[in-house]
Amino acid sequence: MDFFRSVHSTWSAFTSQFPLVVRDPVWTPDPYPNVAILFVFNKSANSSTSSEVQSLAMQSLLAFAGYPHEVRECHEPDQSPSGQLPYLLTTKGKALAGREIIDQVLDVVPEFSSRLSHLEKADSLAFTSLGESVLHFGLTFDLWYNPQNWLKIAFPKYTNDHPWPLNTILPRLKRSQQLDWMLKQRVSIDKEEILGDVKAALSAYSTQLDQKPYLFGSKPTLADAVLFAYLHTLLSTFNSPGGGGGPHSSVRDIIKRHDNLIQYSRRIWSTWYAPQQ
Amino acid sequence: MEAGDFSIPVTVSSVKFEGIVHTSESLLSRHSLDLFNLEPGTPFGHVAQLSHDVAARLHRLGIFKHVDVVLDSSEKGLVSVVFNVKEVSRLFAKTGTEVGNNEGSMFTSLKIRNALGNAETLEANVSYGVETNTPIYENSAFKSQLGNSFNVALSKPIDADPDKLFVLSAFKHNKSMNLYSSYSQQDSGLSAKYKTIDHVVGALHELTYEACWRRLFDLGSAASMTVRKDAGHSLKSAVSYLGTLDRRDDDLLPSRGYYLKGLLEGAGLGGDVRHVKTDVEGQVHFPLGFGFSIASSLRSGLLWTFGPNQSRVNDRFLLGGPSSVRGFLHNGVGPKDGSDVVGGDMFTSAGISLFTPLPFLSNYPIKGHLFANAGNMVKFDNDRDLSAASKKLFGAFSTAVGLGLAVRFSILRLEINYCLPISVTSTDSVKPGLQFGVGLHFS
């Protein structure tokens with residue numbers, strides 16, 4: 001037994017010298033970014049805002065919070081860990097998506113949420129959820145469910161980044177996913193019911209906003225990021241007055257009844273996104 | 001028959017096929033043509049040889065269980081050639097499991113042979129597999145990745161010639177690369193392939209057009225940016241040529257002969273993938289006598305993209321493992337970003353092995369095996385400097401030596417080697433000690 005142990009230890013001592021040479025890698029990847037990068041869906045033409053509402057909401061959140069970052073365009077949601085844009089690449093090389101981005105912002109900029117009282121935080125959460133559910137459903141109904149809007153507005157947004165025939169297949173797959181999502185939220189797609197919910201939500205927003213610069217005072221919050229994203233997307237995407245056969249948004253018509261919401265959206269855009277003169 | 005009978009001049013009066021059920025007349029006529037075209041008074045031996053060749057060609061179509069030839073001479077000077085055949089059953093189904101070094105899979109295959117009577121084959125295959133990051137014989141925790149594959153193919157000999165095959169296929173493959181590279185891949189596409197054997201050197205030639213919709217997805221939060229920026233959808237539309245010349249005495253454990261393979265692929269006929277890719281391989285085996293033989297191999301490849309974009313991770317080469325560069329894990333040689341294998345645009349690998357007979361086992365397909373092998377792989381930087389990349393490629397190699405056993409089974413080769421890595425890079429995945437290799441093709 002001792003003999004075998006000594007042979008084994010001699011052999012182990014010999015093999016531990018291998019490999020004899022360890023060289024530097026043949027290729028070095030790009031280093032982690034110096035500042036976090038927010039990858040958003042393609043921006044609108046001649047604009048600094050993303051043309052997709054979830055990307056614009058995160059873009060606004062990071063801007064409002066003063067989170068150090070740069071914004072880059074991306075048209076592939078598969079690059080995101082969640083499979084949906086936007087995603088945030090941190091300076092440590094980790095990719096975050098969805099709620100993880102919000103948590104990251106609140107960790108790095110804790111004062112962003114601390115400016116609200118407990119009651120305001122609860123209200124802010126409620127208004128955020130209102131936008132992400134009711135306004136999102138209304139936008140999806142106008143953009144993806146309406147056949148003319150889908151063809152004239154949604155389809156061109158998603159068709160330019162891939163070669164034929166992917167540029168016709170992928171937008172249709174996306175539409176199918178959006179309609180599936182809608183049918184999972186509601187048993188049937190009832191226009192009056194949807195618009196009724198949107199009316200109620202926008203009234204609540206309008207009442208909360210009143211004449212203040214932002215929903216909860218003089219500083220923007222997460223709820224403002226979400227509300228602005230939906231208002232700006234709906235107001236800027238559907239520009240035609242309707243009735244002439246062009247793309248038309250019923251949700252946009254409801255927004256236009258609330259002058260303070262329109263002013264609010266314009267004010268945020270000119271403060272945070274308009275090109276500096 | 002006596003020796004002089006083969007020179008008797010005869011004329012082929014008829015060609016008959018007995019046992020035909022589904023095979024079409026046009027296919028049989030095509031194969032009979034050579035016999036009918038013989039000059040009257042052709043020596044009997046020549047007729048017999050040609051009949052034998054036709055029988056062999058018919059058998060190679062894969063639609064007959066056996067093809068027997070009878071030369072019937074009822075009248076002096078006239079010969080009737082009769083082919084007695086038994087057709088294979090049209091429907092063929094097969095299920096099975098395959099086990100490799102780090103992987104296992106189960107498959108189901110359904111084939112309709114001689115579907116329309118002209119030796120067409122319609123085949124559908126489904127397989128499911130799992131691959132682990134440690135060999136199945138090691139009693140330790142392991143990670144695994146799944147994959148599945150579906151393929152439907154219609155093949156038809158051109159002009160009833162078994163040496164000229166046209167294959168049309170549709171496929172969908174799903175494979176998880178999470179063990180190596182933090183992503184999953186889904187490929188769906190169509191391909192049209194022309195396969196032929198040339199009768200000059202006996203090489204197999206394949207010309208293929210393939211349109212493949214690829215999707216890289218399922219990236220975790222820790223996936224590297226090199227992999228992440230290639231995620232999403234891409235369309236590869238490519239023409240490729242594959243030439244293979246195999247003159248080895250055995251394709252699993254050869255002791256003499258040579259093997260040459262060359263692949264050239266050009267992508268860019270539509271789609272958004274534009275590159276030229278080439279991969280060449282050569283092996284030479286020399287017998288040294290008394291059961292000893294030396295095998296040497298050399299393989300190299302280059303992927304060159306056109307346009308502003310770099311190559312994609314799912315197009316690049318992978319290197320390393322028990323059947324390519326021994327002493328390293330599967331895909332363990334070459335560039336990495338963090339823990340992700342990102343593949344390379346240029347590679348070279350070479351190896352030399354000495355196979356020895358074993359005492360008391362010289363009549364069995366098992367050999368002693370001593371080897372030394374090396375490989376290197378580089379990825380182009382943004383400037384795509386071929387000269388600088390070549391210097392890096394040939395400047396230093398990841399190398400390993402070792403010894404072990406090589407065993408030939410009827411359907412695969414098994415190697416068990418003790419490996420010692422000599423020179424590595426800090427990002428190589430090294431496998432010192434015992435390494436098992438199971439497969440059909442070894443460098």
Side-chain angles (χ1 to χ4, degrees), chain A residues 11-12 14-33 37 39 41 72-85 87-101 104 158 160-171 173-174, chain B residues 183 211 213 215-235 237 270-273 327 333-338 340 342 344 376-382 389 392-393 395-401 418-428 430 432-433:
Chain A
W11 181 250
S12 297
F14 171 69
T15 57
S16 64
Q17 297 172 64
F18 292 87
L20 301 176
V21 176
V22 179
R23 294 174 281 114
D24 288 335
V26 292
W27 174 80
T28 310
D30 291 335
Y32 294 149
I37 304 173
F39 289 90
F41 187 72
R72 283 195 203 162
E73 289 182 292
C74 173
H75 62 269
E76 289 289 1
D78 285 327
Q79 290 187 17
S80 165
S82 66
Q84 289 183 5
L85 290 170
Y87 74 96
L88 180 74
L89 182 68
T90 67
T91 53
K92 292 184 179 142
K94 201 168 173 207
L96 307 174
R99 183 73 217 182
E100 292 171 339
I101 301 177
Q104 169 75 1
Y158 293 92
N160 290 330
D161 299 305
H162 294 98
W164 182 87
L166 295 188
N167 62 350
T168 60
I169 296 171
L170 292 174
L173 280 179
K174 182 142 179 100
Chain B
Y183 68 89
W213 170 12
R215 182 185 174 205
L216 257 68
F217 63 108
D218 198 22
L219 272 62
S221 59
S224 62
M225 266 319 282
T226 308
V227 169
R228 199 175 289 284
K229 67 178 177 55
D230 289 338
H233 300 268
S234 62
L235 181 69
S237 172
D272 53 357
V273 176
V333 175
K336 280 209 183 83
D337 187 345
D340 288 344
V342 300
N376 198 12
M377 187 155 67
V378 298
K379 182 182 170 310
F380 291 132
D381 290 322
N382 293 334
K392 263 192 219 171
L393 179 69
F397 283 84
S398 298
T399 57
V401 298
Y418 190 91
C419 305
L420 281 175
I422 304 295
S423 162
V424 305
T425 68
S426 54
T427 52
D428 286 339
V430 187

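Just so it is clear: chains get the letters A, B, ... in the order the sequence lines come, proteins before strands, and each one is counted from 1. As a basis for the values below, the full set of heavy atoms in this structure was taken, side chains included, without hydrogen atoms, waters or symmetry mates.
- Interface summary for chain B: among A/Lys92, A/Lys94, A/Gln17, the most heavy-atom pairs under 4.5 angstrom belong to A/Lys94.
- Between chain A and the options B/Thr226, B/Thr399, B/Val430, B/Leu420, the largest number of non-hydrogen pairs under 4.5 Å is found for B/Leu420.
- Heavy-atom distances place the backbone of A/Ser80, and not its side chain, under 4.5 Å from chain B.
- Interface summary for chain A: among B/Asp337, B/Val424, B/Asp428, the most heavy-atom pairs under 4.5 angstrom belong to B/Val424.
- Looking only at heavy-atom pairs under 4.5 Å with chain B, the residue among A/Asp161, A/Asp30, A/Leu96, A/Leu89 that has the most is A/Leu89.
- Each of B/Gly395, B/Pro432, B/Ala396, B/Ala223 has some count of heavy-atom pairs under 4.5 Å with chain A, and the biggest count is that of B/Ala396.
- The stretch residues 219-230 of chain B participates, sequence neighbours left out, in these salt bridge (charged side-chain N to carboxylate O under 4.0 Å, His left out) pairs: B/Asp230-B/Arg316.
- Heavy atoms closer than 4.5 Å to chain B are found nowhere in A/Pro77, neither backbone nor side chain.
- Of all non-hydrogen atoms in B/Thr425 and A/Pro25, the two that sit nearest each other are CB-CA, 4.2 Å.
- Among residues two or more places apart in sequence or in another chain, the salt bridge (Lys or Arg N to Asp or Glu O under 4.0 Å) test is passed with B/Asp272 by none.
- Considering only heavy atoms from C-beta on, B/Val401 stays 4.5 Å or farther from A/Phe18 through its side chain.
- From B/Met225, atom CE reaches atom CD of A/Gln79 across 6.5 Å, with rounding to the nearest 0.5 Å.
- Shown here for B/Val333 and B/Met377, the closest heavy-atom pair between the two residues is O-CE, 3.3 Å.
- There is no contact between A/Tyr32 and chain B, counting heavy-atom distances below 4.5 Å.
- Ring planes of A/Tyr87 and A/Phe39: parallel class, angle under 30° (limits at 30 and 60°).
- Residues B/Pro335 and A/Val26 have side chains in contact (heavy-atom distance under 4.5 Å, counting atoms from C-beta outward).
- Within the 4.5 angstrom heavy-atom criterion, only side-chain atoms of A/Leu166, from C-beta onward, approach chain B.
- Of the listed residues (B/Phe380, B/Tyr183, B/Tyr418), the greatest number of heavy-atom pairs within a distance under 4.5 Å of chain A belongs to B/Tyr418.
- A/Trp11 and A/Phe14 have tilted rings, their planes meeting at an angle from 30° to 60° on a 0 to 90° scale.
- For a residue to count as touching a neighbouring chain, one of its non-hydrogen atoms must lie under 4.5 Å from one of that chain's; by this rule B/Leu216 touches chain A with the backbone only.
- The greatest number of non-hydrogen atom pairs below 4.5 Å with chain A, out of B/Gly271, B/Ala222, B/Gly220, is found for B/Gly271.
- Proximity to chain A is absent for every atom of B/Val227, based on heavy atoms less than 4.5 angstrom apart.
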